[in-house]
Amino acid sequence: MKLVRYGEAGAERPGIWLDATGGQPARIVDVRGMAFDIADYDARFWQTFGVDRLRGLLTEAGLKTLPAAGVRLGPPVAPPRQLICLGKNYRDHAEEFDAQVPAHPVYFAKSPSAMCGPTDPIRLRPGMVRVDAEVELAVVIGCRVRDVSEQDALACVAGYTVLNDVTDRDVQAQRLQWFLAKSADTFGPMGPWLVTPDTLPDPQALGLRQRVNGALLQESHTSNMLFTVAAVLADVSRVLTLEPGDILSTGTPGGIGSTRQPPVLLRDGDRVECEIDGIGTLCNPVIQGD
Ligand code: MG
């Protein structure tokens, strides 16, 4: 199942994406129109077996849907309590970044306020000149997770989506931390939907790639992660309790634009695509200014 949130930024409604089939264009199920108590894809939704409710809605005779064409999608889940990211979780990216391959997962926080939709503009503010895109598999947590074993960890996953971990390399280098470099407004395009684990059982079996203006920059496979989704959930939940709706993004492979010769930096008018097989593609224009 593909969960989407649609409508104006900040006022999105929960929906279910129905792919185009047999000449019928794609449609979106108006979840709130059918189940008024499902306000959003938030912590309460995951705690109250929301996906089972959605499966029930799909079997109802009077399915309320709208045409998907022209409808803005937002991030596929409500703003989370926390958005935890991994740095240097692919060997080739660790080598291009600072040549140090980590022995343990490297964590940092990205502000959830950076999140935006799968076709929203990435906005470069004045002074942002060395900005990169990073394609990443993001994992949404579906239950409380504390001291989970690696073996049981994937049972705690509500679904998978694509995150573009947009990064200001100048801020990252000059300010000696990552949070500010990765938390600018619009620096977290996410979506286009959340894919539930029943249709995506193995998060380590996915090709992923990034293109800028159609040119391929990153291409890898989630089997190349240094630390798997299950290993990371086991590791981080030994220290802090994860709650339903929390998001963990699993790092980016090598090939980022800023390390190329000559560098490929995001500029006004660019189009960035981040794609993961079995999930979908983000396609965000880059705009200079507000
Ligand atoms: Mg990243």
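All residue numbers in this chain count up from 1 along the given sequence. Since the model is a prediction, treat every value here as computed from it, not as a measurement. Read the numbers this way: they start at 1 and go in the same order the structure lists the ligands and their atoms.
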Hey, is [X] close enough to [Y] for a salt bridge, meaning N to O under 4.0 Å?
X    : Y    : answer
R169 : E134 : yes
R209 : E273 : no
R27  : D19  : no

Side-chain donor-acceptor pair under 3.5 Å between [X] and [Y], yes or no?
X    : Y    : value
R44  : Q47  : no
T186 : R123 : no
D147 : S237 : no

Open item on the list: Return all protein N, O or S atoms below 2.8 Å from the Mg ion (ligand 1), chain by chain in residue order.
Closed with: E134 OE1, E136 OE2, D165 OD2

